[in-house]
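Report on the following structure.
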Amino acid sequence: MNTTPPPQAQPVRPTRATKRVLLASPRGWCAGVDRAVAAVEKALELYGPPIYVRHEIVHNKYVVQTLERNGAIFVEQTQEVPEGSIVVFSAHGVAPIVHAQAAERKLATIDATCPLVTKVHKEAIRYANEDYDILLIGHEGHEEVIGTSGEAPDHITLVDGPADAANVEVRDESKVVWLSQTTLSVDETMETVDALKTRFPNLLSPPSDDICYATQNRQIAVKKLAEAAQLVIVVGSRNSSNSQRMVEAALAAGADTAYLVDFADEIDEAWLQGVTTVGLTSGASVPDVLVDSVLTWLAERGYTDVETVKTADESIAFSLPKELRRNLRTQPVDDL
Ligand code: SF4
């Protein structure tokens with residue numbers, strides 16, 4: 001799902017002897033990440049530290065470290081948050097049981113779940129209410145999958161890739177639907193769906209794409225870079241699903257090599273051996289300041305010619321979580 005049709009396809013100039021960088025557009029920071037990070041910043045501004053955040057607000061080391069310096073405390077479990085405190089739920093979403101645990105501890109909660117993840121939760125609830133078996137395509141153990149599965153654990157079965165499709169059991173083959181994590185590889189997900197359809201010909205598809213616009217647009221962009229770049233650098237953290245998928249997409253699209261780095265100083269000079277064209281992009285949780293530092297690092301090594309390769313326009317923005325529009329400190333906890 002692109003937010004707008006791709007603009008006029010831009011031909012990427014052929015490789016030349018001079019060193020150059022092809023810079024993807026769109027890249028980095030998506031609407032859901034922007035909203036989640038802004039929610040923590042706003043909570044710090046309104047209520048002062050500490051503000052507890054359950055799980056990394058977004059999967060990016062730099063963002064988490066910056067918020068920590070400003071007074072955010074990251075925890076993995078709700079039980080780690082002192083009673084009566086304020087806790088923000090991350091962009092990846094949480095299961096209903098987490099809301100219940102927070103209420104038991106009398107926590108004031110701010111739910112920064114990306115609205116596009118919430119959409120998948122709602123689909124899961126709807127199909128579970130209609131008694132479908134839901135095949136959730138996603139990566140085992142990923143925070144988002146744990147949250148979505150928690151909406152209807154008795155109806156949801158995780159399918160982690162095409163090979164997993166062979167092992168799935170359902171109660172009624174005529175009443176099966178697939179949903180997916182928002183940050184998967186588009187190509188691999190369709191392979192998984194095809195494998196599931198050979199087993200369950202009546203398999204129902206979600207009403208609209210679950211893989212979000214940002215994930216899809218960044219994969220399209222990195223594939224375009226990979227047509228002309230020998231080396232593709234994706235700025236992003238190891239635990240970022242959409243960033244990892246971009247590395248895979250670059251390799252599948254023809255890049256000789258592709259690497260994921262959090263910071264410019266992780267780039268190995270040896271990667272540049274014989275490389276005239278470097279493709280550069282970043283995952284959906286990455287602020288552009290990190291891409292700028294990679295551009296500086298490359299310029300210091302002669303890659304001064306930077307060409308933007310644009311494959312889509314993005315204009316989506318989400319408003320802050322509703323809890324930030326009222327005063328959590330004076331609102332009775334039961335009302336939150
Ligand atoms: Fe939302 Fe997609 Fe960004 Fe995740 S990657 S926060 S689902 S817009």
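Sequential numbering from 1 along the given sequence is applied to the chain's residues. Values below: all heavy atoms of this structure, side chains included; hydrogens, waters and symmetry mates excluded. Ligands are counted one by one from 1 in listed order, and the atoms in each one are counted from 1 as well. In this text, all values refer to a predicted model and were calculated from it rather than measured experimentally.
Contact check on Glu143 versus Arg54 returns a salt bridge, with a Lys/Arg side-chain nitrogen under 4.0 Å from an Asp/Glu carboxylate oxygen. The residues Glu248 and Arg245 are annotated as salt-bridged, a charged nitrogen and a carboxylate oxygen being separated by less than 4.0 angstrom.
For ligand 1 and Cys114, the ligand atoms under 4.0 Å from any heavy atom of the residue are 1 (Fe), 6 (S), 7 (S), 8 (S).
In this model, a donor atom of one side chain and an acceptor atom of the other lie less than 3.5 Å apart for Gln216 and Asp209.
The one candidate from Thr276, Thr277, Thr257 that meets the side chain to side chain donor-acceptor pair (under 3.5 Å) condition with Gln230 is Thr276.
The protein non-hydrogen atom at the shortest distance from atom 2 (Fe) of ligand 1 is Cys212 SG, 2.3 Å. Looking only at heavy atoms of the protein, atom 3 (Fe) of ligand 1 is closest to Cys30 SG, 2.2 Å. Shortest contact from atom 7 (S) of ligand 1 to any protein heavy atom: Thr182 OG1, 3.3 Å.
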